[in-house]
Each structure stands twice: as structure tokens, then as C-alpha cells.
Amino acid sequence: MKTQDKPDSQGMDYLQTLPRRWVTVYIPLGIFVFVLLFPFYWMVVTSFKPNEELLARTGNPFWIIKPTFAHFHKLLFETAYPEWLWNTVLVSVTSTILSLVASVLAAYAIERLRFQGAKPAGAAIFLAYLVPPSILFIPLAAIIFQLGLFDTRMALILSYPTFLIPFSTWLLMGYFRSIPYELEECALIDGASRWQILIKIVLPLAVPGLISAGIFAFTLSWNEFIYALTFISSSEMKTVPVGVITELVEGDVYHWGSLMAGALLGSLPVAFIYSFFVEHYVSGMTGSVKE
């Protein structure tokens with residue numbers, strides 16, 4: 001009898017030598033980390049540089065000689081940035097909650113109820129997400145004016161779900177699809193209603209998917225610019241993306257220190273949320289539920 005071939009014991013041994021590790025791991029990873037983190041580093045450096053260093057033609061542009069908090073002081077105490085931040089938080093959280101509630105109901109109906117036309121409805125929702133906001137904001141502006149909601153937070157809270165719901169529904173559809181149907185069948189045999197199944201069985205299993213959809217919806221609404229620029233005019237009602245651009249740029253004068261300070265402070269909440277829910281976020285994106 002022929003002896004069975006020995007399994008390949010080398011595995012990933014080609015990564016064990018130091019030169020190969022540099023070529024295959026360290027250098028690519030270093031380039032990736034540099035490209036990813038350099039914008040944040042540049043924001044931090046510019047935020048703490050005094051105007052003399054920012055406008056100087058000499059010196060090292062990548063380092064700070066005399067750090068200052070003047071830009072943060074101007075941003076927080078001489079502009080309406082605290083109001084912009086509060087508006088952004090309020091609008092993002094409210095629109096995200098509304099969108100998640102609607103998306104859960106839509107995704108569950110499309111994926112679990114198995115009605116006729118469910119697949120075309122899912123495809124239509126996905127196509128609705130592909131419609132660019134630059135096309136939708138014109139009819140939405142007419143509706144906002146007719147309802148008397150112009151220059152109010154409610155204008156953004158009601159308009160943001162137009163692009164949050166399609167995306168969240170499409171994301172949750174893929175996660176609900178991975179939940180075993182046998183769980184619902186057993187619950188139906190025991191006399192549970194569809195509402196009880198959704199609340200007590202499907203949603204607890206779909207927590208990672210809900211967190212992923214919530215993070216994406218919150219990020220999209222936090223960074224949204226076109227609707228906030230179109231529907232809001234007063235300074236105290238603006239959101240961070242619009243307020244920083246419109247209030248800290250005076251003609252051809254760019255207050256770079258305050259601009260970068262505003263961008264830095266505005267990016268911290270999203271970065272914190274991503275880092276805090278990273279495990280649930282990854283599992284939600286894979287959309288896997290063990291039977």
C-alpha cells in the first residue's frame with residue numbers, strides 16, 4: 001500500500017523569515033496605517049499650531065514648536081460650535097432611531113413573511129438607496145417649504161431617513177436572511193404571534209446587525225452636508241459639517257486652525273462609536289448566525 005502523503009506542514013512558514021515578514025506584513029501594514037491615520041495627525045497638528053507657524057514659510061510643517069489652545073477657544077467660545085454639535089447629535093440620533101425602527105419592520109416583512117413580490121420590493125429598496133441626494137434634495141426642499149419646516153431641526157430629522165431607511169433595510173435584510181426559519185416555525189407552533197417572534201426571537205439574534213446598521217446610519221447622518229446646507233439657514237440651527245465650512249471661511253480667508261479643530265472634535269464621536277462597537281460591527285457585517 002502506498003503511504004498517504006504527509007499533510008503540508010509548512011502552512012504560513014514563508015512568513016517566518018524576517019525579510020519576508022517585512023515585505024509581506026510590516027511594510028504593507030505600515031503604509032496602510034500611515035495613509036489611514038495621517039489625516040487625523042494633520043488635523044491635530046494644525047489645530048494646535050499658532051497662526052504664526054501656520055502662515056510661516058519656514059520651519060517644519062509636520063511638527064509644532066509652540067502649541068496653543070487658541071483655535072479651540074475661538075471655536076468653542078467665539079462661534080456657535082456648541083449649538084452646531086448639539087444639533088448634529090440630536091438630528092443624527094433621532095433620525096437613526098426612526099430609520100432603524102422602519103428598517104427593522106421593512107426588512108423583517110421582506111425576508112421572513114415570504115409574500116409575493118418580496119424580492120422585487122427588496123431590489124427597489126436597494127435601488128432607492130442608489131439615488132444620489134443631489135437629485136432628491138430639490139423635491140424634498142419643495143416639500144419642506146410647503147410644510148413650513150424650513151430652517152428647523154425637524155426638516156433634517158424627516159429628510160435624513162429618505163437615504164437612511166433604504167440602506168439600513170438592505171443591510172438588515174441580509175442579516176435576517178441568515179436567521180434559521182426553524183426558530184420561527186417552532187414559535188408559531190407554540191402559538192406566538194409575528195410581533196412576539198420579532199421582539200423576542202429575531203431582534204435578540206439580530207443585535208450585531210442592528211448595531212452595524214445603527215453605526216452606518218449614525219455616520220451617514222452625522223456627516224451629511226447637502227440637506228443640512230439646503231434646509232438650514234440660521235447659524236444656531238446648523239450642523240457641524242455645514243457650520244464649520246460656512247462660518248469659519250470668510251471670503252478667501254480660511255481660519256485653518258479653527259477649521260481643523262472643528263473637524264477634529266466632530267470626528268471624535270464617530271471614532272469612539274466605531275471603536276466601542278467594533279466586535280458587534282464586524283459580526284454584523286458578516287451576517288452570520290449559528291444554527
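It should be emphasised that the depicted structure is a prediction, and the values quoted were computed from it without experimental measurement.
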Mind checking whether [X] and [Y] have side chains closer than 4.5 Å, heavy atoms only?
{"X": "Met260", "Y": "His71", "answer": "no"}
{"X": "Thr79", "Y": "Trp84", "answer": "yes"}
{"X": "Leu205", "Y": "Leu183", "answer": "yes"}
{"X": "Leu156", "Y": "Ser95", "answer": "no"}
{"X": "Lys238", "Y": "Thr246", "answer": "yes"}
{"X": "His255", "Y": "Val253", "answer": "yes"}
{"X": "Phe48", "Y": "Phe72", "answer": "yes"}
{"X": "Tyr41", "Y": "Phe34", "answer": "no"}

According to ring-ring contact (aromatic ring centres under 6.0 Å, His included), who are the partners of [X], at least two apart in sequence or on a separate chain?
{"X": "Tyr160", "result": "Phe163"}
{"X": "Trp22", "result": "Tyr26"}
{"X": "Tyr181", "result": "none"}
{"X": "Tyr108", "result": "none"}

| When you check the side-chain N and O atoms of Thr68 and Lys49, is any donor under 3.5 Å from an acceptor? | no
Any donor-acceptor pair under 3.5 Å linking the side chain of [X] with the backbone of [Y]?
{"X": "Glu224", "Y": "Ile226", "value": "yes"}
{"X": "Glu247", "Y": "Ser235", "value": "no"}
{"X": "Asn60", "Y": "Phe62", "value": "yes"}

| message | Can you tell me which residue among Ile31, Thr24, Val25 is in a side-chain contact (heavy atoms from CB on, under 4.5 Å) with Ile27? | response | Ile31
| Which residue, Asn87, Thr88, Val89, Leu265, forms the side-chain contact (heavy atoms from CB on, under 4.5 Å) with Val240? | Thr88
Is the [atom1] atom of [X] crowded by more than 12 outside heavy atoms at less than 6.0 Å?
{"X": "Tyr254", "atom1": "OH", "answer": "no"}
{"X": "Phe69", "atom1": "CZ", "answer": "no"}
{"X": "Glu78", "atom1": "CD", "answer": "yes"}
{"X": "Trp222", "atom1": "CH2", "answer": "yes"}

Please give me the minimum heavy-atom distance between [X] and [Y], naming the atom from each residue.
{"X": "Pro241", "Y": "Ile245", "result": "O-CG1, 3.3 Å"}
{"X": "Trp42", "Y": "Pro61", "result": "CZ3-O, 3.5 Å"}
{"X": "Ile64", "Y": "Val45", "result": "CD1-O, 3.6 Å"}
{"X": "Ala192", "Y": "Gln196", "result": "CA-OE1, 3.3 Å"}
{"X": "Ile110", "Y": "Met173", "result": "CG2-CE, 3.9 Å"}
{"X": "Ala213", "Y": "Ser168", "result": "O-OG, 4.0 Å"}

| query | What pairs with Glu184 under salt bridge (charged side-chain N to carboxylate O under 4.0 Å, His left out), at least two apart in sequence or on another chain? | reply | Arg112, Arg194
| field | Chi angles and distances behind the side chain to side chain contact (heavy atoms under 4.5 Å, CB included) call for Ile273, Thr219 | value | CA-CA 9 Å; Ile273 291 175; Thr219 304; over 6 Å; no
Donor-acceptor contacts, no H, no angles, side chain residues 139-151, under 3.5 Å, sequence neighbours left out:
{"from": "Asp151", "atom 1": "OD1", "to": "Ser233", "atom 2": "N", "distance (Å)": "3.1"}
{"from": "Asp151", "atom 1": "OD1", "to": "Ser234", "atom 2": "N", "distance (Å)": "3.2"}
{"from": "Asp151", "atom 1": "OD1", "to": "Ser234", "atom 2": "OG", "distance (Å)": "3.0"}
{"from": "Asp151", "atom 1": "OD2", "to": "Ser233", "atom 2": "OG", "distance (Å)": "3.4"}
{"from": "Asp151", "atom 1": "OD2", "to": "Ser234", "atom 2": "OG", "distance (Å)": "3.1"}

